[in-house]
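First up is the structure itself, then whatever we jot down about it.
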Protein chains: 2
Amino acid sequence: MSDRIAASKTADKGATRADEVRLAIEEDIFLGRLRPGTRLDEESLAQRFNISRTPIREAILQLVHAGLVEKQPRQGAVVAPLKLHRMVQMFEVMSEIEGLCARYAARRMSEEEKQALKRLHDTSKAHMEARELDAYYAVNRAFHEAVQAGSHNEPLQEIARGLFARLAPYRRYQLNHPSRVKDSFTEHDDVVEAILAGDPEAAYTAMRRHVTIQIDIFTEFVSIMGGNEIQ
Amino acid sequence: MSDRIAASKTADKGATRADEVRLAIEEDIFLGRLRPGTRLDEESLAQRFNISRTPIREAILQLVHAGLVEKQPRQGAVVAPLKLHRMVQMFEVMSEIEGLCARYAARRMSEEEKQALKRLHDTSKAHMEARELDAYYAVNRAFHEAVQAGSHNEPLQEIARGLFARLAPYRRYQLNHPSRVKDSFTEHDDVVEAILAGDPEAAYTAMRRHVTIQIDIFTEFVSIMGGNEIQ
DNA sequence: GCTCCCCTCTCTGTATACAAGAGATGGACA
DNA sequence: TGTCCATCTCTTGTATACAGAGAGGGGAGC
């Protein structure tokens, strides 16, 4: 399994082993190979990546501060087992943060940025109509990132990215919902229209509603699954 | 200088050396003993705290992820030298985040929390009238933290704390401004009134304005100092 | 005299060895 | 048979040793 590092896409020149390990574990969490609650044993990880425990520890620390992993002194690290009420709170914040991004984007996006956003949106329409779920999901993410970048506020983007990363492990449950893709597209439509028109409040409202709806879907999913801790 | 760790206030049972070092460096940054741009040499720090480089490295990593320190692979760590435009962006986000906290607080604070907030506010009034600047500053921080806690949204509080930590090194410039304390108190007054009355939008507006004013003061300070990078 | 290249030296990144705490396990006693 | 305590083991935290990358200085060439 030590080929994992070599397989890492981001072979940055200056990157350290710790960075590579972090990316690999991050991906494992995102893709569900490492599920919330899973113990991260330093020694096993060291063997898996064929390196010493030192860079493993650094990688885990980075993940702890990204909120993806929890760690108690002398008691090891586990993939963050999100409590339901905390997830709802995170979605709540996410809706405000993304709404804020949209508001700023409506005011600050250049004409080029607006056209790029429009193109992304059109691409997603094609994927929707072709029922290409994975592709739609990918473009959906790019769409949100474009709006975040359009805010022209780096700290805000960092916050949005951080929240997205922490919610990502759970997001895969969402687009399975029947007709969700079509609704999602319609909501995006409102956002794009408001941003292109340069209407900050409409953009804020549209984006905030779009993300808020995800909370409903998520809680619905959870109520079906039962339990107040998702593992 | 190795007594620094022993002198640490938070002698938590489970805390590691790395945590203690992090707290110590954090305090140095907040109090201006370590100024933005200062190089953090692992070996010197290890000698200063009389421990090995390993926990020092972990502490630095934690500070990097808190945004207080910047680090390039193989080129060491420096206390984050904030660019002016980034600082303004951070204040911009901070005003929205704190406004959001106030909005939620107006809806969600219990009667006990509201009374505690009122008491804090009364205390700060006493300090203002007695012209006790440091005491006012301390209570001011407690006031903001109380509102944040009143939001009953942990991720939101974490974001607010993170931004506060990153802005703290520069905040000391602010309350020196003539009559700032009195204005600050008046603005707090509006916030308290709105929260006690349970008026979310008024609370949001009042808090947002309170923080936004700090941007003006800050940019004024910078324009006096000149330069677009603060060291 | 200036510039460019190479060497050296310092500091970071990684490996490995050691220490210490937390949980598990087994035995003894009630 | 159940519970409590001691010990033991396993994992994490820390120290130290080693390796390798960058930066800086000195010398050679132009």
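What's counted below: heavy atoms across the whole structure, side chains too, no hydrogens, waters or symmetry copies.
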Q. Does A/Ser44 have any side chain to side chain donor-acceptor pair (under 3.5 Å) partners at least two apart in sequence or in another chain, and if so, which?
A. A/Asp41
**Q.** Set of side chain to side chain donor-acceptor pair (under 3.5 Å) partners for A/Arg119, sequence neighbours left out
**A.** none
Q | ring pair (Phe, Tyr, Trp, His ring centres under 6.0 Å) partners for B/His144, two or more places apart | A | B/His188, B/His210
Apply side chain to side chain contact (heavy atoms under 4.5 Å, CB included) to [X] and list each qualifying residue two or more places apart in sequence or on a separate chain.
{"X": "B/Ala203", "answer": "B/Ala102, B/Ala106, B/Ala194, B/Ile195"}
{"X": "A/Ala135", "answer": "A/His127, A/Glu132"}
{"X": "B/Arg108", "answer": "A/Glu92, B/Tyr104, B/His152, B/Asn153"}

Q: Output the distance between atom CD1 (B/Ile51) and atom CZ (B/Arg17), rounded to the nearest 0.5 Å.
A: 7.0 Å
Q.
Expressed as a whole number of angstroms, how long is the span from A/Leu61:CG to D/dT12:P?
A. 12 Å
Q: Figure out the CZ/P separation between B/Phe49 and D/dT14, and round it to whole Å.
A: 14 Å
(Q) Can you list everything that forms a salt bridge (Lys or Arg N to Asp or Glu O under 4.0 Å) with B/Glu58? Sequence neighbours excluded, please. (A) A/Arg57
Q. Dot-bracket for DNA chain D, 5' to 3', with Watson-Crick and G-U pairs under 3.5 Å, [ ] for crossing pairs and | for other-strand pairs: what is it?
A. ||||||||||||||||||||||||||||||
Identify all pairs in which a protein N or O lies below 3.5 Å from an N or O of nucleotides 10-14 of chain C, and state each distance.
{"from": "C/dT12", "atom 1": "O3'", "to": "B/Arg74", "atom 2": "N", "distance (Å)": "3.4"}
{"from": "C/dG13", "atom 1": "OP1", "to": "B/Arg74", "atom 2": "N", "distance (Å)": "3.0"}
{"from": "C/dG13", "atom 1": "OP2", "to": "B/Arg57", "atom 2": "NH1", "distance (Å)": "2.7"}
{"from": "C/dG13", "atom 1": "OP2", "to": "B/Arg57", "atom 2": "NH2", "distance (Å)": "3.1"}
{"from": "C/dG13", "atom 1": "OP2", "to": "B/Lys71", "atom 2": "NZ", "distance (Å)": "3.1"}
{"from": "C/dG13", "atom 1": "O4'", "to": "B/Arg74", "atom 2": "NH1", "distance (Å)": "3.4"}
{"from": "C/dG13", "atom 1": "N7", "to": "B/Arg53", "atom 2": "NH2", "distance (Å)": "2.9"}
{"from": "C/dG13", "atom 1": "O6", "to": "B/Arg53", "atom 2": "NH1", "distance (Å)": "3.1"}
{"from": "C/dT14", "atom 1": "OP1", "to": "A/Arg17", "atom 2": "N", "distance (Å)": "2.7"}

